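Within every chain, numbering begins at 1; the chains are lettered A, B, ... in the order of the sequence lines, protein sequences first and strands thereafter. Only a predicted model underlies this, so the values are computations on that prediction, with no experimental measurement involved.
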Protein chains: 2
Amino acid sequence: MTLTALSETLSAKPHIDDLMERVGLRMSFAKGEEIFGQDEDADMIHSVVSGAVRTMRLTSDGRRQIGDFYYPGDIIGLEIGDTYRFSAEALSDCVVRVIKRSSLHALNEDGGVDRTLWNATRRELERTQEHLLMLGRKSACERVASFLRDVAQRVGSEDVSLPMGRQDMADYLGLTIETVSRMVTQLQGSQIVEFANSRQFRVTRWPALERLAA
Amino acid sequence: MTLTALSETLSAKPHIDDLMERVGLRMSFAKGEEIFGQDEDADMIHSVVSGAVRTMRLTSDGRRQIGDFYYPGDIIGLEIGDTYRFSAEALSDCVVRVIKRSSLHALNEDGGVDRTLWNATRRELERTQEHLLMLGRKSACERVASFLRDVAQRVGSEDVSLPMGRQDMADYLGLTIETVSRMVTQLQGSQIVEFANSRQFRVTRWPALERLAA
DNA sequence: CGCTGGATTGAGTCCGGTCAAGCCTTGTGG
DNA sequence: CCACAAGGCTTGACCGGACTCAATCCAGCG
């Protein structure tokens with residue numbers, strides 16, 4: 001990452017966050033509650049303050065695909081034309097700030113807001129492309145390894161706690177719950193990760209995990 | 001789609017196209033030639049004038065994932081931070097217009113250019129999300145059906161000619177070339193599509209195709 | 001005509017899905 | 001404090017869809 005790109009990234013977040021703090025409505029959602037629904041009118045932009053959120057899509061015959069998981073600081077609701085293409089739900093009790101697209105647009109005197117949202121959209125696109133590569137070409141073991149690596153990297157700390165259950169992981173990775181479970185057990189058997197319980201783990205051998213995540 | 005969104009979409013294309021026609025460099029590429037490479041410096045935006053282009057990504061151990069196929073009017077090179085995350089290659093002999101990001105930015109007096117590029121980025125994101133859903137949750141048969149439907153829809157005419165070979169289809173769909181071939185044969189056996197040769201087909205039963213594409 | 005590269009077809013294997021049983025954690029009420 | 005129920009996770013046995021490897025087939029072209 002270049003210096004300019006870095007500073008842009010760093011400065012962008014506070015800018016939009018300040019704005020949303022000033023104008024945005026603060027809302028709380030209980031665990032499992034729907035923040036917005038698939039195919040609803042998409043006139044809001046959401047920013048996670050605390051907790052975690054999942055976006056997902058349901059096909060007519062009940063298959064589910066998780067789009068992504070969002071943590072504090074992330075912006076949700078960029079991926080849309082006229083209606084939301086994914087629904088968003090609270091993974092845990094959480095707080096989000098909400099602002100109308102139109103309000104945000106009105107505040108865009110210097111073009112800085114648009115620029116910021118565009119950057120956020122590009123980052124979203126990059127994450128989606130990474131996700132795509134995983135679903136298209138990685139084995140079950142590689143998917144789970146990639147996932148655990150990504151979560152651990154994002155958190156940064158020694159001990160990682162997963163805000164989502166196995167079903168959510170499965171629907172994100174394009175696998176079944178059983179396969180996810182088996183792969184986790186396998187990674188644990190290879191001394192690569194260590195689970196205290198089903199939602200708490202630590203990476204014991206980073207190089208091996210990186211190698212598997214490919 | 002609302003009226004405003006529709007008109008925005010319709011007016012956006014000519015705007016950016018005009019601009020690229022005035023300022024952009026016109027370049028020709030022979031079939032199979034690389035337009036830009038994975039991990040190269042990403043300072044150009046490309047717009048397809050004629051022919052077709054594929055974007056793809058190679059993993060270290062040689063697995064390949066096709067990001068998307070692009071046709072005249074499409075913009076390529078939005079998905080990037082600092083370097084291209086995918087490479088782009090000419091599927092057939094083709095012409096593209098190229099413009100430096102920085103030049104484009106300089107021309108952005110009224111913010112219209114940024115707006116247009118942002119819209120293009122969002123459309124790209126939507127396509128990628130659709131692609132994601134397919135790779136995560138659809139069977140081989142459904143993938144091939146979806147693909148043929150999408151191509152046929154895009155072309156609009158009765159007879160469709162595929163600009164890409166089976167390997168490209170496979171790498172787009174996250175399948176092997178053999179599986180793609182088998183599914184094509186199967187769809188033909190069910191009287192749903194009809195191939196004149198391996199690259200020319202027509203849809204004989206749209207409803208059935210739609211149903212399979214799910 | 002034969003060569004060449006892509007596409008198709010077939011046989012066999014394996015990875016991940018399915019179905020079913022058991023386990024562990026958590027919470028609730030006696 | 002324990003009994004029990006409920007839900008989520010794990011494990012096992014089996015199955016099947018997609019992959020692998022290999023043998024053609026076929027169209028385009030020198």
Side-chain angles (χ1 to χ4, degrees), chain A residues 31-32 54 59 61-66 89 91-93 134-148 161-190 193-201 212 214, chain B residues 31-32 54 59 61-66 89 91-93 134-148 161-190 193-201 212 214:
Chain A
K31 177 176 174 170
R54 66 166 176 252
T59 60
D61 60 342
R63 283 174 284 186
R64 201 175 74 139
Q65 176 68 47
I66 296 232
E89 293 179 12
L91 264 175
S92 55
D93 292 350
M134 181 164 78
L135 295 188
R137 287 297 174 218
K138 286 188 183 175
S139 69
C141 182
E142 291 170 327
R143 292 183 203 193
V144 173
S146 303
F147 181 77
L148 294 180
S161 89
L162 296 168
M164 76 292 288
R166 293 288 186 268
Q167 187 63 62
D168 285 330
M169 286 175 56
D171 288 341
Y172 177 80
L173 298 171
L175 300 171
T176 60
I177 192 175
E178 293 96 332
T179 301
V180 171
S181 189
R182 272 184 254 273
M183 294 303 122
V184 164
T185 312
Q186 188 179 309
L187 287 174
Q188 217 172 178
S190 324
V193 296
E194 196 177 86
F195 276 75
N197 59 61
S198 72
R199 290 188 176 222
Q200 297 275 137
F201 75 99
L212 275 179
Chain B
K31 176 178 172 167
R54 66 165 175 251
T59 60
D61 59 343
R63 282 174 286 186
R64 201 175 75 138
Q65 176 67 48
I66 296 231
E89 293 180 10
L91 264 175
S92 55
D93 293 349
M134 181 164 78
L135 296 189
R137 288 293 173 221
K138 287 189 183 175
S139 70
C141 183
E142 291 170 327
R143 293 184 203 192
V144 173
S146 304
F147 181 78
L148 294 180
S161 90
L162 296 168
M164 75 293 287
R166 293 290 185 267
Q167 186 63 60
D168 284 330
M169 286 175 55
D171 289 341
Y172 177 80
L173 298 171
L175 300 170
T176 59
I177 191 176
E178 293 96 332
T179 301
V180 171
S181 189
R182 273 184 255 272
M183 294 304 120
V184 164
T185 312
Q186 189 179 309
L187 286 175
Q188 218 173 176
S190 324
V193 296
E194 196 176 86
F195 276 75
N197 60 60
S198 72
R199 290 190 177 223
Q200 297 275 137
F201 76 99
L212 275 179

Open item on the list: Base contacts versus sugar-phosphate-only contacts with protein, heavy atoms under 4.0 Å: please encode nucleotides 8-20 of chain C as B, S and - from 5' to 3'.
Closed with: BBBB----SSBB-
Open item on the list: Protein within reach of the bases, or only the backbone? For nucleotides 25-30 of chain D, mark each nucleotide 5' to 3' as B, S or -, using heavy atoms under 4.0 Å.
Closed with: ------
Open item on the list: Would you say that more than 12 heavy atoms from the other residues, nucleotides or ligands in this model lie under 6.0 Å from the CD of A:Gln188, or not?
Closed with: yes
Task: Enclosure of A:Gln167 CD (heavy-atom neighbours >12, cutoff 6.0 Å) - done: yes
What's the [atom1]-[atom2] distance between [X] and [N], to the nearest Å?
X	N	atom1	atom2	result
B:Gln200	C:dA7	CD	P	13 Å
B:Met164	C:dG5	CE	C1'	19 Å
A:Leu162	D:dG8	CG	C1'	14 Å
B:Leu173	D:dG17	CG	P	19 Å

Task: Donor-acceptor contact below 3.5 Å, side chain B:Ser181 vs main chain B:Ile177 - done: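 Checked: no pair found.
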Task: Cationic N near anionic O, under 4.0 Å, B:Lys31 to B:Glu89 - done: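 Result for this pair is no, no salt bridge flagged.
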Open item on the list: Are the side chains of B:Arg166 and B:Asp168 in contact, using a 4.5 Å heavy-atom criterion?
Closed with: no
Task: Side-chain touch B:Met169/B:Leu162, heavy atoms, less than 4.5 angstrom - done: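 They are in contact (side-chain heavy atoms under 4.5 Å apart), so the answer is yes.
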Open item on the list: For B:Gln65 versus B:Asp171, what's the shortest heavy-atom pair and its separation?
Closed with: NE2-O, 3.1 Å
Task: Shortest non-hydrogen separation from A:Tyr172 to A:Met134 and the atoms involved - done: CE2-CE, 3.8 Å
